[in-house]
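Below is one structure; the comments refer to it alone.
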Amino acid sequence: TTAPQPVHGPRASPGPPPPPTAASTPSPTRPAGPHQRSQGWRAGIAELALAVQATPSDRRAEVAADLRFARAASMHFEAVANQGAFVLARDALTKSGESMPVAERQRLRQEMKRRLESEIALARQLFTLVQQDAHIGFEPSCQYFYLPLDLVEKVLNCRWLLEHFELNENPKRPTPK
């Protein structure tokens, strides 16, 4: 017997993965894997949303639940990509000290800010999904919870970080109390 071949993507045939593109090539602030996974899920979510509308009314609730789970998974993948990119940018800033060119420092800071803003938006969206379906808030194999108050705390923490970065960029601004 032969070893099974990997399958790439939801409808792909066995074989080698497609060649990398500029958008799929990892960079210091875009780790491989989570970003591509979240992009792939977005396309599937659009198809699933259409399927919900086309489903007979007696089965629509089940398909709508699947759509909520798919959206939650997409948000999780995007959060993983955001957090990875944030840490990579933060570490690059920390390790370089003042030797990094100003333009590069600004680019990394903007990347961190963009990722924090994305995390705030994702936490708000996930908060809504968890309120609609408590199953989304619990992952039994890891004993992991997305509790509504934890998501609120995440938004507050991200806001604090954003304000912290603004203070470091504009040191004459008064410190918030």
Side-chain angles (χ1 to χ4, degrees), residues 10 26-53 55 57 59-95 105-171 173-177:
S27 75
T29 57
R30 189 180 58 248
H35 179 72
Q36 286 83 8
R37 195 166 293 118
S38 68
Q39 296 296 321
W41 273 82
R42 283 190 201 135
I45 287 171
E47 289 183 34
L48 189 53
L50 293 173
V52 169
Q53 299 306 314
T55 301
S57 60
R59 304 282 316 267
R60 191 167 293 145
E62 293 173 54
V63 180
D66 289 343
L67 178 58
R68 284 191 300 273
F69 281 110
R71 285 184 171 146
S74 177
M75 290 175 207
H76 182 78
F77 296 143
E78 189 67 28
V80 169
N82 282 339
Q83 292 166 22
F86 180 91
V87 168
L88 289 171
R90 181 201 62 199
D91 290 353
L93 279 171
T94 304
K95 290 177 184 173
R105 291 181 68 78
Q106 288 175 337
R107 187 191 69 75
L108 289 170
R109 290 177 74 78
Q110 280 303 113
E111 177 70 11
M112 292 168 68
K113 181 179 177 184
R114 186 174 71 78
R115 297 300 180 149
L116 287 168
E117 290 168 346
S118 176
E119 283 298 288
I120 290 170
L122 290 171
R124 288 179 172 161
Q125 293 169 30
L126 191 54
F127 180 89
T128 300
L129 287 180
V130 169
Q131 286 187 315
Q132 292 171 356
D133 188 342
H135 295 101
I136 292 171
F138 178 63
E139 203 291 290
S141 66
C142 297
Q143 299 289 312
Y144 188 82
F145 294 88
Y146 289 116
L147 298 175
L149 285 178
D150 292 337
L151 296 167
V152 170
E153 182 180 9
K154 183 175 190 174
V155 169
L156 293 173
N157 289 336
C158 289
R159 283 184 180 169
W160 183 89
L161 286 169
L162 283 169
E163 288 179 13
H164 177 74
F165 286 127
E166 285 180 16
L167 284 174
N168 286 339
E169 288 175 1
N170 306 307
R173 186 174 156 203
T175 304
K177 297 198 182 345

**Request:** For Asn157 and Glu153, run side-chain contact (heavy atoms from CB on, under 4.5 Å): C-alpha distance rounded to whole Å, both residues' side-chain angles, the deciding distance at 0.1 Å, then the answer.
**Result:** CA-CA 6 Å; Asn157 289 336; Glu153 182 180 9; 3.7 Å; yes

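- Residues Arg42 and Glu78 have side chains in contact (heavy-atom distance under 4.5 Å, counting atoms from C-beta outward).
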**Prompt:** What do the steps show when you test Lys113 against Gln110 for side-chain contact (heavy atoms from CB on, under 4.5 Å), and what is the final call?
**Reply:** CA-CA 5 Å; Lys113 181 179 177 184; Gln110 280 303 113; 4.0 Å; yes

**Stepwise side-chain contact (heavy atoms from CB on, under 4.5 Å) test for Leu129 and Met75** = CA-CA 10 Å; Leu129 287 180; Met75 290 175 207; 3.4 Å; yes

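- The closest side-chain heavy-atom distance from Asp66 to Val52 is not below 4.5 Å.
- In terms of heavy atoms, Thr55 sits closest to Arg60 at O-NH2, 2.7 Å.
- Taking the charged nitrogens against the carboxylate oxygens, Arg59 and Glu62 do have a contact shorter than 4.0 Å, which makes a salt bridge.
- Between Leu151 and Arg124 there is no side-chain heavy-atom pair separated by less than 4.5 Å.
- Here the side chains of Phe69 and Asp133 are in contact, with some heavy-atom distance below 4.5 Å.
- Using a 4.5 Å cut-off on side-chain heavy atoms (C-beta onward), Phe86 and Glu119 make no contact.
- Between Leu108 and Leu88, the closest side-chain pair of non-hydrogen atoms is not below 4.5 Å.
- Within a 6.0 Å sphere centred on CG of Leu149, other residues, nucleotides and ligands contribute 12 heavy atoms or fewer.
- Residue Arg114 holds its CZ atom at 11.0 Å from CG of Leu116, rounded to the nearest 0.5 Å.
- Between the side chain of Ser74 and the backbone N or O of Ala70, no donor-acceptor pair lies under 3.5 Å.
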**Item:** Steps toward salt bridge (charged side-chain N to carboxylate O under 4.0 Å, His left out) verdict (Arg115, Glu111)
**Value:** CA-CA 6 Å; Arg115 297 300 180 149; Glu111 177 70 11; 2.8 Å; yes

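- Leu48 and Leu67 get closest at one heavy-atom pair: CD2-CA, 3.5 Å.
- The backbone N or O of Arg90 sits less than 3.5 Å from a side-chain atom of Thr94, completing a donor-acceptor pair.
- Phe127 pairs in a side chain to side chain contact (heavy atoms under 4.5 Å, CB included) with only one of the listed residues (Val155, Val152, Leu122), which is Val152.
- Annotation: the span from Gln131 atom CD to Leu126 atom CG amounts to 10.5 Å, rounded to 0.5 Å.
- Atom OG of Ser118 is separated from atom CG of Asn82 by 3.5 Å, given to the nearest 0.5 angstrom.
- The two residues Ile136 and Ala72 make their nearest non-hydrogen contact at CG2-CB, 3.5 Å.
- In this structure, the side chains of Leu147 and Val130 stay at 4.5 Å or more apart for every pair of heavy atoms.
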